[in-house]
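Step one of this worksheet: look at the structure below.
Each residue takes its place number in the sequence, starting with 1. Please read these numbers as outputs of a predicted model, since none were measured by experiment.
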Amino acid sequence: MISAQVRREKALVMSRLSFLACKAWESGKYDQAAVSATKLWGFTLAFSGVDSDLFWYGSYLHRIYGEFITSDCQDFTAWALLKACQAFNRSSEPMECVA
């Protein structure tokens, strides 16, 4: 069993890896983005069958990275704000990234 403190530390590491991957992609450092995303996926797989919360959190972060790199938005902060607004708005009208 993983303690709450270790779980918080691992979640923070995975969050940082996801952020680094997105920011590297944003700045055109695609190799660096791939390394960070691969590390994130490695963390995620390591928790499969060990800690389902960390596994699903890592899967969520990896999905966020994938959504960002396949979007038309080139600025991660703008994209994240767009996603937050969409979630808050819950509108059926799609919003566009304008950065």
Side-chain angles (χ1 to χ4, degrees):
M1 172 137 186
I2 297 177
S3 72
Q5 177 63 28
V6 171
R7 181 178 281 136
R8 281 190 298 276
E9 289 172 7
K10 298 304 178 188
L12 182 60
V13 169
M14 290 192 297
S15 295
R16 286 180 180 161
L17 285 170
S18 177
F19 181 75
L20 288 173
C22 290
K23 293 306 271 185
W25 185 270
E26 172 186 290
S27 63
K29 298 176 183 172
Y30 305 117
D31 290 341
Q32 184 180 349
V35 168
S36 294
T38 301
K39 287 180 183 179
L40 171 62
W41 191 242
F43 264 88
T44 301
L45 291 178
F47 291 115
S48 177
V50 176
D51 188 306
S52 63
D53 290 337
L54 284 173
F55 172 78
W56 287 113
Y57 182 64
S59 297
Y60 169 76
L61 290 173
H62 208 271
R63 187 191 66 160
I64 293 295
Y65 167 72
E67 287 182 18
F68 171 63
I69 67 172
T70 58
S71 74
D72 293 333
C73 192
Q74 298 300 313
D75 181 275
F76 178 67
T77 304
W79 181 85
L81 287 171
L82 171 68
K83 286 298 190 181
C85 289
Q86 287 174 335
F88 184 72
N89 189 22
R90 298 195 189 273
S91 171
S92 60
E93 297 179 29
M95 300 173 82
E96 294 183 20
C97 178
V98 180

Heavy-atom side-chain contact between [X] and [Y] under 4.5 Å:
X     : Y     : result
Ile69 : Tyr65 : yes
Glu9  : Val13 : no
Ile64 : Trp79 : yes
Lys83 : Phe68 : no
Phe47 : Lys10 : yes

Look up atom [atom1] in [X] and atom [atom2] in [Y], then write down how far apart they are to the nearest 0.5 Å.
X     : Y     : atom1 : atom2 : answer
Lys39 : Thr44 : NZ    : OG1   : 14.0 Å
Ser48 : Trp56 : OG    : CH2   : 8.5 Å
Phe43 : Met14 : CZ    : CE    : 7.5 Å
Phe76 : Ser71 : CZ    : OG    : 10.0 Å
Arg7  : Asp51 : CZ    : CG    : 4.0 Å

Does CZ in Phe55 sit with more than 12 non-hydrogen atoms of other residues, nucleotides or ligands closer than 6.0 Å?
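Yes, CZ of Phe55 has more than 12 neighbouring heavy atoms, counting only those of other groups under 6.0 Å.
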
Suppose we screen for ring-ring contact (aromatic ring centres under 6.0 Å, His included). Which residues come up paired with Tyr60, at least two apart in sequence or across chains?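 For Tyr60, no residue satisfies ring-ring contact (aromatic ring centres under 6.0 Å, His included) once neighbours in sequence are set aside.
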
| Pairing residues for Arg8 by the salt bridge (Lys or Arg N to Asp or Glu O under 4.0 Å) criterion, not counting sequence neighbours |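 Arg8 satisfies salt bridge (Lys or Arg N to Asp or Glu O under 4.0 Å) with no other residue.
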
Please say yes or no: joined through hydrophobic side-chain contacts below 4.5 Å, possibly via intermediate residues, are [X] and [Y] part of one cluster?
X     : Y     : answer
Leu61 : Val6  : yes
Ile2  : Leu45 : no
Phe19 : Tyr57 : yes

Heavy atoms only: give me the nearest [X]-[Y] pair and the separation to one decimal.
X     : Y     : result
Leu40 : Leu17 : N-CD1, 3.8 Å
Thr77 : Asp75 : N-OD1, 3.2 Å
Ser36 : Leu20 : OG-CB, 3.9 Å

- Who passes side-chain hydrogen bond (donor to acceptor under 3.5 Å, both in side chains) against Lys29, sequence neighbours left out?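 Checked Lys29 against side-chain hydrogen bond (donor to acceptor under 3.5 Å, both in side chains); zero matches.
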
Keeping Gln32 on the side-chain end and Ala24 on the backbone end, is there a donor-acceptor pair under 3.5 Å?
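No: the side chain of Gln32 does not pair with the backbone of Ala24.
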
